[in-house]
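Read the structure below first, then the notes.
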Amino acid sequence: MFNSLPGFREFYPEECARRNYLFDAFRRVALRFGFKEYDAPVLEPLELYIEKSGEEIVSQLFNFTDRGDREVALRPELTPSLARLVGAKASSLPMPVKWFNIGEHYRYERPQKGRLRAFYQFNGDILGESGTAADAELISLLVEILRVLGLTEKDFRIRLSDRTLWFLFLEGLGFEEAKSFEILSILDKSEKISAEKTNALYQEILGAKAKETALKIEKLKTIQDLEELRKFLDSEDLNTASKEKLDARLEDWTTLIGYLGGLGAKSFVQVDLGIVRGLAYYTGFVFEAFENEGQFRALAGGGRYNDLVAKLGGPELPAAGFAIGDVTLTDCLDRRNLLPQGTENPEIITILGGETERLEAIKDITILRRAGFSVAYPLKNQGFGKQFKSAGKSGAKIALIYGGDELSEGKVKIRNLSTGEENLVDRSDLEITVRGLF
RNA sequence: GUGGCUGUAGCUCAGUUGGUUAGAGCAUCGGCUUGUGGUGCCGAGGGUCGCGGGGUCGAAUCCCGUCAGCCACCCCA
């Protein structure tokens with residue numbers, strides 16, 4: 001026997017049912033929000049990802065040279081493909097574009113808890129709208145999906161941060177953009193490493209100003225609501241130009257939070273400038289859905305990426321989006337018993353006396369199947385006892401019993417498998433009777 | 001790429017200081033059972049004890065290596 005490759009899962013019917021349950025929720029809620037479903041190739045030119053993320057990315061991709069000497073890679077993410085799709089038709093697509101996708105993605109990394117080499121992601125994006133209403137729409141879509149799956153304020157929160165605000169603040173303190181990047185990169189790590197290590201890193205890049213700056217950064221990180229944030233920024237001694245820009249930015253914050261209130265998402269959202277989400281391409285509001293207890297793992301994350309479409313060769317197009325990974329989410333739901341157990345069962349199971357009865361029963365079964373019922377029957381002849389046993393285990397609601405006695409009178413016996421109640425009906429009335437039972 | 005832990009049946013596990021032919025429960029299949037089910041009774045299949053090597057009269061058990069899984073680091077689009 002062969003094993004599956006490391007980091008790739010196999011979906012037996014039980015797991016497949018759970019996976020599809022997730023997908024159904026994703027799709028249902030996204031459609032409810034007016035997003036349209038799209039899809040893109042799983043295999044793309046390697047260049048597409050190098051363009052976005054640099055040469056280093058290659059070591060984390062499933063890539064190879066195809067028979068036409070093309071360098072190709074399995075998609076590690078969807079955003080570059082999306083940017084290409086939208087970029088190519090930007091002038092004719094009605095804006096804003098609100099699109100979603102559910103698909104498998106691949107990363108050649110060491111598998112570990114919450115991270116595999118093949119995983120599914122829900123991606124939701126809005127392109128062509130730079131206003132905060134788009135950010136609000138995305139955040140509330142994320143909240144709504146998690147809510148529909150049974151998670152509450154107790155289970156998760158959305159940590160909302162803002163790269164624009166960070167850069168303005170650091171600019172106000174007198175740092176250039178490059179320095180600000182370095183500072184934010186330390187900030188990103190600080191959640192995982194010790195305070196001493198963090199301080200050492202600040203020391204390294206800031207020298208004499210390290211202590212003072214680190215304190216301010218730490219303070220900003222701990223702020224948890226908008227008023228506090230406003231007060232803090234007012235009290236800081238920043239240069240005038242930055243201060244004005246920060247004031248304008250705080251207006252955006254106020255607007256965004258206002259929208260989130262109306263969208264029913266506010267109670268899930270927490271101001272938390274401690275997240276900056278990598279450094280690659282986000283430009284404005286960024287957010288992550290976090291479990292409140294336990295693993296400290298992000299369930300989902302996203303933000304605004306206004307420069308990316310142009311960077312990938314498309315037009316200037318403001319954009320924002322997020323992704324939900326299936327691995328940590330499944331884990332989270334499973335621990336809370338929020339996933340369905342077992343598989344889809346047939347609604348009706350058939351019990352056959354023998355070969356003569358089988359020949360008659362399959363005619364009725366076909367009628368019922370064509371009427372939309374799911375009907376199972378044994379493929380080889382078995383004793384009644386055995387058949388009743390498996391009928392009981394099948395999860396079906398009713399059993400149709402085709403024995404010699406019934407057939408000789410042109411009837412079939414319908415047994416309710418939960419109550420044990422039985423009724424004899426004419427075969428000609430079977431479909432209508434069954435309809436009445438569902 | 002680095003480190004730690006764990007590998008016995010499909011699953012959960014037992015297996016004595018190394019001692020005959022490696023066990024149990026659950027699951028599966030068959031029979032009792034061509035007329036009434038989940039939880040009855042009887043039975044069967046299923047194992048190169050992760051793999052390779054070493055040492056021993058003798059290894060699931062001890063030693064070395066290796067592979068896989070999990071966990072952590074790195075990375076995280």
Side-chain angles (χ1 to χ4, degrees), chain A residues 1-10 12 14 44 48-61 73-83 105-117 119 121 123 185 188-189 191-194 197 275-282 286 288 295-298 301-303 305 308 311-312 321-323 325 327-328 331 345 349 351-358 378 380-407 413-422 424:
Chain A
M1 289 281 281
F2 293 102
N3 294 322
S4 63
L5 292 168
F8 283 75
R9 286 168 292 176
E10 295 173 306
Y12 286 84
E14 289 76 13
E44 290 276 18
L48 182 63
Y49 304 112
I50 296 178
E51 197 64 41
K52 180 189 160 198
S53 311
E55 205 50 66
E56 321 81 65
I57 195 76
V58 177
S59 66
Q60 292 173 64
L61 296 179
L74 288 172
R75 63 180 181 201
E77 59 168 329
L78 196 61
T79 312
S81 308
L82 170 66
H105 297 78
Y106 310 86
R107 296 180 186 176
Y108 200 94
E109 293 180 298
R110 187 105 178 194
Q112 56 184 279
K113 190 173 183 60
R115 243 167 89 184
L116 300 171
R117 287 182 172 178
F119 54 93
Q121 275 192 346
N123 273 265
S185 135
D188 191 31
K189 282 180 194 148
E191 197 157 303
K192 285 182 188 167
I193 62 179
S194 69
K197 258 190 173 166
I275 62 160
V276 291
R277 288 197 57 74
L279 286 161
Y281 58 77
Y282 287 111
V286 292
E288 286 185 351
Q295 328 309 85
F296 276 125
R297 282 210 171 257
Y305 52 94
L308 185 66
K311 187 179 175 191
L312 289 172
F322 70 92
V327 183
T328 45
D331 200 49
N345 297 317
I349 192 152
I351 290 171
L352 308 173
E355 196 56 23
T356 319
E357 291 81 1
R358 169 186 306 276
K380 69 174 176 186
N381 296 331
Q382 290 178 313
F384 277 99
K386 184 131 288 192
Q387 292 189 64
F388 276 105
K389 215 172 262 189
S390 39
K393 280 196 278 192
S394 73
K397 187 173 174 189
I398 60 172
L400 302 179
I401 302 162
Y402 288 84
D405 300 346
E406 289 84 357
L407 278 186
K413 196 186 270 177
I414 301 179
R415 180 179 174 89
N416 180 318
L417 285 167
S418 41
T419 65
E421 185 192 348
E422 293 186 341
L424 216 47

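A note on names: the letters A, B, ... follow the listed sequences, proteins ahead of strands, and every chain is numbered from 1. The structure presented is a predicted model; accordingly, all values stated were derived computationally and were not measured.
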Inter-nucleotide [atom1] distance ([N], [M]), Å rounded:
N      : M      : atom1 : result
U66(B) : G3(B)  : P     : 11 Å
C63(B) : C74(B) : P     : 33 Å
C71(B) : C13(B) : P     : 16 Å
G69(B) : G31(B) : C1'   : 40 Å
C41(B) : A22(B) : C1'   : 27 Å
C62(B) : G7(B)  : P     : 11 Å
U21(B) : G37(B) : P     : 45 Å

Measure from [atom1] on [X] to [atom2] on [N] and round the result to the nearest Å.
X         : N      : atom1 : atom2 : answer
Phe388(A) : U39(B) : CZ    : P     : 17 Å
Lys393(A) : A27(B) : NZ    : P     : 7 Å
Glu288(A) : A77(B) : CD    : C1'   : 13 Å
Leu116(A) : G69(B) : CG    : P     : 11 Å
Glu10(A)  : G10(B) : CD    : P     : 14 Å
Leu417(A) : G38(B) : CG    : P     : 12 Å
Arg117(A) : G69(B) : CZ    : P     : 8 Å
Arg107(A) : C74(B) : CZ    : P     : 17 Å

Should [N] form a Watson-Crick or G-U wobble pair with both distances under 3.5 Å, which nucleotide is its partner?
N      : result
C32(B) : G40(B)
A59(B) : none
U2(B)  : A72(B)

Once you apply a heavy-atom cut-off of 4.0 Å, does [X] come out as touching a base, just sugar-phosphate, or nothing?
X         : value
Glu51(A)  : nothing
Pro6(A)   : sugar-phosphate
Leu352(A) : nothing
Ile401(A) : base
Gln60(A)  : base

(message) To check you understand the geometry: which heavy-atom pair defines the closest contact between Tyr106(A) and Phe119(A), and what is its length?
(response)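 In terms of heavy atoms, the two residues are closest at N-CE2, 4.3 Å.
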Test for a donor-acceptor pair under 3.5 Å between the base of [N] and the side chain of [X], counting only N and O atoms.
X         : N      : result
Glu422(A) : U36(B) : yes
Gln112(A) : G69(B) : no
Arg415(A) : G37(B) : yes

(request) Test Lys413(A) against every option in Glu422(A), Glu421(A), Glu357(A) by the salt bridge (charged side-chain N to carboxylate O under 4.0 Å, His left out) rule and name the one that passes. (result)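 For Lys413(A), the salt bridge (charged side-chain N to carboxylate O under 4.0 Å, His left out) check succeeds only for Glu422(A).
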(request) For Arg117(A) and Glu109(A), indicate whether the former's side chain and the latter's backbone hold a donor-acceptor pair under 3.5 Å. (result)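 Such a contact is found between Arg117(A) side chain and Glu109(A) backbone.
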State, with a plain yes or no, whether a side-chain heavy atom of [X] is found less than 4.5 Å away from one of [Y].
X         : Y        : answer
Gln121(A) : Leu78(A) : no
Ser81(A)  : Glu44(A) : yes
Ile50(A)  : Val58(A) : yes
Glu77(A)  : Ile57(A) : no

(request) Could you check Leu5(A) against Tyr49(A) and say which one's nearest nucleotide on RNA chain B is further toward the 5' end? (result)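 Here Leu5(A) is the residue nearer the 5' end.
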Close N or O pairs between protein and nucleotides 30-34 of chain B (under 3.5 Å):
residue: G30(B); atom: OP1; partner: Lys380(A); partner atom: NZ; Å: 2.7
residue: U34(B); atom: O2; partner: Gly353(A); partner atom: O; Å: 3.4
residue: U34(B); atom: N3; partner: Gly353(A); partner atom: O; Å: 2.8

(message) With a 6.0 Å cut-off (strictly less than), is the heavy-atom count around OH of Tyr108(A), excluding the residue itself, greater than 12?
(response) no
(message) Can you tell me which residue among Gln382(A), Arg415(A), Gln387(A) is in a side-chain contact (heavy atoms from CB on, under 4.5 Å) with Ile351(A)?
(response) Gln387(A)
